Amino acid sequence: SAERTDGSDGGDGSGSDGTGDGTDTDDGDGEGDGGDDETPTLTVATYTSFIDAPSVSPGEWLKEEFESRVDAELEWATPDNEVNYYVERAASGAGIDADLYVGLTTEDLVRVDEELDGDLFAEAGEIEGRDAVKQGLRFDPFDRAVPYDTGYVSLVYDGTTMEAPETFDGLLDDEHAGALIAQNPGASSTGRAFLLHTINRFGDGGVASDGDGEAIEGEDGDPDYDYLDYWTDLQENDVRVLGSWDDAYAAWSEGEAPIVVSYSTDQVFADMEGQDLEKHQIRFLNDQAYANPEGMAVFADADEPDLAREFMSFMLEPDVQGEIAQRNVAFPATDGAELPSDYAELAKEPADPVTFTYDELQGSVDAWVEAWERQFAGN
Amino acid sequence: MGSERGAEFDGDGGDAEFDGDETDPAVAVELDGVTKRYGETAAVDDVGLRVREGEFFTLVGPSGCGKTTTLRLIAGFEEPTSGTVRFAGESMSGVPPEDRDVGVVFQSYALFPHMTVGENVAYGLNFADPPEGMTRDERVAELLELVDLPDAADRDPESLSGGQQQRIAMARALAPGPDVLLLDEPMSALDARLRERLRAQVKRIQSELGITTIYVTHDQEEALAVSDRVAVMNGGTPEQVAPPRTVYREPATRFVAEFVGDNNVFAGSVVDTPAEGAIAVDVDGGDETLRVRIDAGTATSVGDRAVFCVRPEHLRVASAGEAAGDEPAAPAGENALRATVASAEFLGETTRVTLDWGDRELLVRAVDPLDGAVTVGFDPGDAHVIEVESR
Amino acid sequence: MGSERGAEFDGDGGDAEFDGDETDPAVAVELDGVTKRYGETAAVDDVGLRVREGEFFTLVGPSGCGKTTTLRLIAGFEEPTSGTVRFAGESMSGVPPEDRDVGVVFQSYALFPHMTVGENVAYGLNFADPPEGMTRDERVAELLELVDLPDAADRDPESLSGGQQQRIAMARALAPGPDVLLLDEPMSALDARLRERLRAQVKRIQSELGITTIYVTHDQEEALAVSDRVAVMNGGTPEQVAPPRTVYREPATRFVAEFVGDNNVFAGSVVDTPAEGAIAVDVDGGDETLRVRIDAGTATSVGDRAVFCVRPEHLRVASAGEAAGDEPAAPAGENALRATVASAEFLGETTRVTLDWGDRELLVRAVDPLDGAVTVGFDPGDAHVIEVESR
Amino acid sequence: MTGTDTQRLTRLREGVESHALTALAVLTSAALVVAFYYPTATVLIEAVVVDGAVTLAVFADVLTDPFYFGELARLLSGESPAAVARSLASPDRRLGIVGFTAYQAVLSTIASVALGLPAAYLLARFEFPGRKTLRSLTIVPFVLPSIMVAVGFVATFGDNGTLNAALTAIGLPPVDLLFTLEAVVIAHAFYNAPLVARVTTAAWESVDASAVETARSLGAGPVRAFVDVVAPQVYPAVLTGAALTFVFTFGTFPIVLALGGFQLATVEVFIYRLVRDLSYAEAAALAIVELVISLGVLLAYLRYEARQSTNTRGARPLPRRPLVPTAPTLRELLPRAGLAAYAVVAGVIFLAPIASMILASVTGGDGALTLNHYRFLVERQQTGAAFQVRPWPAIRNSLVFATGATLLALPMGVVVAVLTTRRYRGRTLVDAAAMAPLAVSGIIVGLGLLRGLVFGVEIAGWRIAASGAVAVVVAHAVSGYPFVVRTVSPGLDGLDRSLVESARALGASRARVIRDVELPLVWPAVVAGAAFAFAISIGEFTSTVVLATGADAYTMPVAIERFIGRRLGPATAMGVVLLVVTGLSFVVIERLGGDHRGL
Ligand SMILES: Nc1ncnc2c1ncn2[C@@H]1O[C@H](COP(=O)(O)OP(=O)(O)OP(=O)(O)O)[C@@H](O)[C@H]1O
Ligand SMILES: Nc1ncnc2c1ncn2[C@@H]1O[C@H](COP(=O)(O)OP(=O)(O)OP(=O)(O)O)[C@@H](O)[C@H]1O
Ligand SMILES: Cc1ncc(C[n+]2csc(CCO)c2C)c(N)n1
Ligand SMILES: [Mg+2]
Ligand SMILES: [Mg+2]
């Protein structure tokens with residue numbers, strides 16, 4: 001396809017439906033002068049499982065509900081590279097073809113801000129219901145991303161064959177040799193969350209100190225024992241680090257090892273599928289779990305910024321929060337979300353959620369992962 | 001061809017039919033009722049042949065008559081559809097080619113493309129020792145010398161000319177000194193000079209080592225020159241198996257008469273039996289009556305059909321004017337035919353002249369130019385009666 | 001062969017050297033200083049040849065002398081290393097084979113194995129129309145008929161014998177009626193009978209349609225029989241280009257004399273110049289002085305070295321006893337040599353007899369058996385002086 | 001039609017034909033530039049252009065980093081060769097990630113060749129019912145998404161897998177195979193042994209019987225004749241398979257992590273992570289390292305192939321033997337006994353994982369047999385939202401794209417094969433350029449396609465971009481055409497040149513000869529190449545997800561990926577669908593091409 005690159009938001013002859021080149025995203029229509037009586041289209045970018053998971057996903061419900069409440073059409077965009085796709089677009093001057101992104105994490109923001117000089121996302125601004133967002137989840141110091149749910153990365157274990165240790169140190173016990181399957185922190189978000197959790201627990205030993213000048217101190221209080229030391233011990237205790245959550249969960253399901261790093265909502269699925277919950281026990285190490293709040297933000301370049309903010313408000317409404325939590329199998333980001341009373345029975349929340357802030361991650365996370373990789377895979 | 005052939009020079013010998021019996025140790029290769037069918041057609045049809053040890057045995061015959069197939073059956077690349085191939089009296093059925101001790105040169109050379117010329121020639125020496133007192137390399141050099149390509153050892157077969165490839169194929173087959181050598185038109189791409197030299201060499205090696213050689217050639221002169229016996233094949237079966245002289249002079253069938261060398265074959269009705277061993281024949285297609293010598297033993301009577309042949313070199317030609325004038329048309333007891341010159345082909349040593357005689361053509365030889373009307377004569381004794389069929 | 005050859009029968013003609021100039025429209029194919037090297041070796045070395053339109057031009061020469069390479073250069077499969085190939089005066093450099101209007105028959109047949117015989121023959125008709133008033137199928141049928149395989153159209157090339165494949169290759173090349181036909185030993189796998197018939201056909205088609213034919217053969221008799229002119233190649237260069245009769249009777253070089261047909265070549269010192277057009281030579285290796293006719297124009301003096309040849313068929317042989325008795329050893333003015341029979345090869349029509357004469361061998365022809373001591377005579381006029389070198 | 005009209009038409013046709021080759025070459029180059037070279041360059045350039053300045057610092061860092069290059073890095077950073085050699089000889093030497101990646105690739109290649117050759121022997125030399133179908137199906141493993149292979153392997157070789165169950169049942173100790181290098185190597189062989197088998201079979205079938213017969217008549221037994229005459233002609237094909245296997249296993253990524261774990265991480269794993277973290281400079285530098293090594297191996301092989309090139313087109317192929325021995329002799333029984341043993345091994349390595357996959361697709365969470373997973377597919381098809389991936393469109397798209405990609409890859413591959421079988425200066429460069437799509441990291445290509453194609457280039461105020469079905473087809477064709485080149489070019493090279501020359505002398509243009517003579521003669525290779533191109537398209541994932549816009553351009557592997565959840569049932573069900581669809585496709589493709597006689 002070819003389109004004029006100058007005057008990108010004028011309606012000058014550029015295709016409006018995008019079918020000609022196979023793109024189904026809106027590019028420049030609907031705003032301003034042209035056809036007022038057309039229903040505006042809101043393009044929402046997100047990751048695929050938000051709209052297309054084999055079990056449940058909130059996408060379909062959200063689209064129908066939003067369209068029934070607002071006179072607008074909602075279109076999902078799920079580029080394979082997720083947020084990176086928009087970073088790339090912005091970097092190559094190709095223009096952003098979506099209005100907002102749903103599914104941002106703290107790390108995403110850190111990465112985006114490191115890579116791009118300009119702003120990819122706009123400040124959230126006036127969003128109705130934003131005050132209801134839990135304090136601890138507000139991860140964007142620049143107020144662009146608004147959290148809409150959160151998940152906790154914890155251990156899942158097969159209670160019929162073993163009892164998982166209660167603490168990080170317990171994982172090093174001989175009896176748990178070869179018991180744990182984790183994921184590659186370079187490629188999997190559960191893997192990365194678990195790694196961050198160990199850094200939170202044991203400190204980073206100054207690995208990333210050249211970034212911000214100070215080391216993360218571990219909660220274990222031992223300045224001479226950092227996360228790399230812990231991983232050395234884990235490795236000696238035969239931990240398996242597989243590529244993705246799929247690999248790890250599949251191997252765990254086949255009984256290759258009794259413990260896997262996964263989500264604390266595991267029993268919700270197990271219950272859905274009528275499985276033996278005893279086989280799907282959750283363990284919060286040291287009563288903690290790493291929290292992965294997910295946020296949404298309007299693109300600075302959005303064609304429909306107002307509509308986008310309207311959507312954000314919609315996402316924060318109590319009933320919608322409840323639906324998102326159930327359909328995305330996560331926890332609401334707001335107080336007062338409408339959830340079935342028994343939801344908490346299966347979806348476990350840790351007593352002590354931990355997470356790194358934007359500031360802590362910025363300039364450090366790459367170094368942490370790299371140091372871990374170099375230690376773990378050194379050949 | 002060396003003394004061996006000189007010694008045999010004037011005797012037709014009594015070996016026209018080879019008479020070893022089945023267990024005769026002198027039989028090197030025997031085909032017994034061998035038939036090979038490809039689908040419907042029999043490429044080789046109920047062939048019985050015995051090839052003596054050390055013999056140079058040649059198969060000739062028109063294209064497609066089954067020569068290659070016969071060699072493939074002997075080499076063991078094909079199993080007969082029926083019948084048995086025996087080597088020295090032992091049935092070869094189920095014996096793989098490598099255990100038959102045969103050397104083969106294929107019509108299509110079949111050099112190993114991934115080996116140099118030298119490696120090709122040396123290949124057989126992996127399985128058989130070179131002759132006493134010789135290293136492998138010497139043997140290879142010797143054979144390359146033999147085929148006139150002494151410097152080719154390191155070349156790629158593909159860079160050789162057709163004739164050069166063929167010579168390498170020969171050298172390769174000869175190298176291990178096989179008991180039986182099967183040569184399928186091994187010299188078809190070579191010029192007369194080289195062919196002569198090579199076949200003299202092959203003959204020499206062959207007779208020195210007593211290798212039994214079965215040779216396919218389409219060059220009839222070569223077949224006659226080189227062979228102990230010749231089998232003339234036609235349509236999958238040998239029509240005559242005999243020494244060269246017999247095949248040439250006393251062809252057993254009309255096919256053999258016409259296939260081996262130029263010939264004039266006449267058919268006609270016997271009109272007279274003037275004397276013991278002589279008949280007079282009214283030839284189809286001409287209007288003369290020809291007198292022909294016939295084997296004393298053959299009973300003929302007037303009215304029989306007779307087929308006989310006279311070689312071009314036995315037809316004496318004189319221009320008609322000459323004949324009418326100075327000389328008598330033909331000596332007493334001779335035949336004289338009146339014909340006209342149709343065309344001539346210069347062959348170097350002689351010229352092959354085609355004459356129109358009645359409805360048919362006659363082939364004669366000439367040295368000097370010939371033209372117009374001629375008289376052709378031949379001695380009744382130069383005719384060979386091929387068959388007589390009683391009415 | 002028809003009247004055309006008959007007409008030329010007794011004249012050597014004045015066309016021994018063809019004298020068209022560069023723009024002569026009658027020159028169909030011209031090679032001008034053409035050289036083709038493979039690495040170090042020149043397969044074809046500075047060749048200049050002109051082939052007339054409608055001519056039947058034959059290349060003969062020993063294996064590896066560059067015949068195939070010459071054809072490939074003409075067909076356009078190779079570009080000359082230097083020199084130019086011209087068709088009807090136009091340089092063909094850079095013209096791809098398909099635009100040269102040549103028909104080619106390869107030494108290795110090169111039938112398309114994935115097409116039936118009929119499809120093979122018809123292939124060229126995709127790019128050229130069949131002759132006026134003929135359908136494709138008719139043309140194919142006609143050509144299969146011509147090569148004597150009328151029922152082969154639906155067969156697979158691979159199921160054909162070598163000779164059958166070669167005939168199909170011929171039919172395929174002829175089908176589109178090319179202007180120039182290049183035949184590389186097209187009949188090497190055929191027996192004499194079939195070869196004769198086919199070459200007569202090729203000649204007929206060739207002369208009817210006026211196709212210029214360049215023919216490679218190793219069969220010298222064939223070369224002589226069929227060609228308008230013959231080029232005898234050696235080591236990449238033609239040594240003589242002349243009509244067959246000239247090549248045979250007046251070979252230009254010793255190589256030609258020995259390569260084409262059997263020959264006896266003598267070299268020696270001139271000891272006398274008895275008359276205009278006659279010399280006496282003391283021949284190396286023998287102890288007789290031989291008298292030899294020489295072209296009147298050639299200046300010779302005593303002491304010169306002379307090389308001359310006498311064909312075996314011009315050597316009259318008589319058994320020594322006979323010669324000593326009844327008849328004078330040689331007629332006046334004739335040469336007489338005493339020799340002994342070494343060996344003999346039966347060739348059918350004649351027998352090639354090798355005689356020992358002094359240190360060297362003589363080749364003679366015999367019909368009747370010969371043995372022991374013989375006397376050999378020849379007429380000085382039957383000798384051909386190849387070269388005289390002044391001392 | 002008048003004569004002149006016919007002539008004009010003929011001339012027109014000839015004109016078109018004589019330029020067809022050039023036109024195709026130009027189109028091929030264009031496709032390569034658009035769908036490969038330009039996009040890839042946009043990424044690789046980041047290795048040397050950082051923040052607008054040209055620098056070799058990134059490269060230098062990578063090359064001198066012992067983490068990547070082990071002891072070799074010390075050499076590169078200026079340490080004395082002797083010291084490096086000493087430490088290389090020591091038992092605790094460091095290979096570095098690159099070294100380890102090469103090491104496991106070598107092991108995988110050896111395993112693939114070892115497991116592929118007996119299959120080639122069986123397929124090329126024996127006749128049995130279903131031989132052709134079996135041959136067609138050998139390509140199936142090649143297209144399986146890694147997650148499916150992982151599922152199959154865990155179920156087969158895991159602690160509680162079929163193999164251990166079987167071992168335990170016959171009283172043998174269980175093996176702990178999973179998460180070891182061995183498991184990875186076997187999985188790589190699972191993918192690539194069939195590849196080796198296929199290319200080898202084709203070469204074996206083309207050996208001329210008369211060469212073997214000559215060797216036999218000179219005294220070589222069957223084994224010796226094989227070693228001396230058959231093996232050298234089959235060897236180049238084995239090396240083709242080996243070279244490709246090395247390249248694929250050198251670029252391996254999901255399989256190592258799924259079956260080996262992060263300890264066995266390869267270069268590609270780090271490229272992936274670096275790209276994900278937007279650390280393009282280092283990622284590009286690593287990708288270039290990977291490219292240089294892979295391409296180096298391919299070119300070394302191509303050099304060899306060119307030297308080996310022989311006229312291999314057999315006038316008469318070797319006859320196949322019946323699988324059932326005709327006589328109970330040792331000579332008859334021994335090879336068949338060997339094949340029987342091989343069949344057992346092949347059953348464990350190739351069939352068991354596939355069977356396990358199929359079993360997993362009909363096994364519920366409770367371990368009981370169920371058709372629920374297939375029911376899921378049907379439901380998703382019927383009730384899935386428009387923006388969700390549904391099975392039928394995925395199947396349809398896969399077939400359409402694969403067909404399109406194959407039809408495009410064939411002329412591309414043939415043209416390049418024709419170009420690379422000629423001898424000229426700079427041929428190596430053309431070879432390298434033509435094979436590069438095999439050797440560049442898929443992740444980098446994906447990113448490049450995003451930048452180069454999806455976002456497009458700005459030319460004279462216009463942004464030229466391409467995505468959607470057509471772009472997917474072109475990208476797939478670019479990935480698949482090297483296989484066409486590799487399968488077709490040895491055949492073309494070996495063709496008796498007098499065949500080509502005969503056709504040209506009869507008036508056929510160069511292009512016409514390719515069509516009428518060369519392609520028909522190497523037809524089995526063309527079909528094999530087509531099958532590979534089809535397989536590559538079917539199995540392709542990275543560029544598909546980049547270029548497919550909207551749910552309407554998704555293929556089966558994308559559907560499989562989408563259907564992966566906590567339970568792999570739905571994904572395996574979709575995997576089985578892919579298995580069946582591809583299996584059938586290959587049988588059809590080879591049947592379509594199968595009328596032609598063997599190469
Ligand atoms: N594989 C085959 N399939 C079918 N027919 C065949 C096969 N091989 C040979 N023939 C046929 O069998 C007959 C004999 O073939 P063969 O090759 O033995 O002939 P040949 O005498 O060697 O002829 P040539 O002198 O032309 O080489 C021929 O008619 C040939 O067409
Ligand atoms: N591709 C090549 N590479 C190297 N040398 C070659 C090549 N082709 C031919 N030659 C050499 O060039 C010379 C001439 O070869 P050519 O094929 O023209 O001979 P020829 O006269 O046709 O011989 P023959 O009668 O044996 O077919 C030979 O010495 C041959 O070895
Ligand atoms: C280890 C390994 N993994 C996957 C494949 C499957 N595959 C087939 S072709 C190709 C690359 C296409 O350019 C890939 C990855 C393989 N053969 N080897
Ligand atoms: Mg034959
Ligand atoms: Mg030649």
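Fair warning: this is a prediction, and the values are worked out from it, not measured in the lab. The chains referred to below are lettered A, B, ... by the order of the sequence lines, with proteins before strands, and numbering in each begins at 1.
Heavy-atom pairs under 4.5 Å with chain B were tallied for C/Gly61, C/Ala192, C/Ala223; the largest tally goes to C/Ala192. In terms of heavy-atom pairs under 4.5 Å with chain B, the best-connected choice from C/Asp191, C/Thr217, C/Asp148, C/Asp219 is C/Asp191. Of the residues considered (B/Val247, B/Asp262, B/Asp184, B/Leu160), B/Asp262 shows the highest number of contacts with chain C, using heavy-atom pairs under 4.5 Å. The greatest number of non-hydrogen atom pairs below 4.5 Å with chain B, out of C/Arg365, C/Gln166, C/Lys67, C/Arg167, is found for C/Arg365.
In this structure, the separation between OG on C/Ser63 and CZ on B/Arg195 is 11.5 Å, given to the nearest 0.5 Å. To the nearest 0.5 Å, atoms CZ (C/Phe346) and CZ (B/Arg249) are separated by 4.5 Å. The NE2 atom of C/His314 sits 9.0 Å away from the CD atom of B/Glu349 when rounded to the nearest 0.5 Å.
Heavy atoms closer than 4.5 Å to chain C are found in both the backbone and the side chain of B/Glu221. Contacts of B/Leu347 with chain C are made by both backbone and side-chain atoms, with heavy-atom separations under 4.5 Å. Contacts between B/Glu258 and chain C at a heavy-atom distance below 4.5 Å involve the backbone alone (N, CA, C, O). Proximity to chain C is limited to the side chain of B/Gln220, based on heavy atoms less than 4.5 angstrom apart. The contact between B/Thr350 and chain C is made entirely by side chain atoms (from C-beta outward), counting heavy-atom distances below 4.5 Å.
When atom types are taken as modelled, the side chain of B/Arg193 and the backbone of C/Gly261 share a donor-acceptor pair closer than 3.5 angstrom.
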Just do the salt bridge (charged side-chain N to carboxylate O under 4.0 Å, His left out) check on C/Glu345 and B/Arg199 with the steps written out, would you?
CA-CA 12 Å; C/Glu345 264 186 328; B/Arg199 84 185 177 218; 3.5 Å; yes

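By the 4.0 Å N-to-carboxylate-O rule, C/Glu196 lies close enough to B/Arg352 to be salt-bridged with it.
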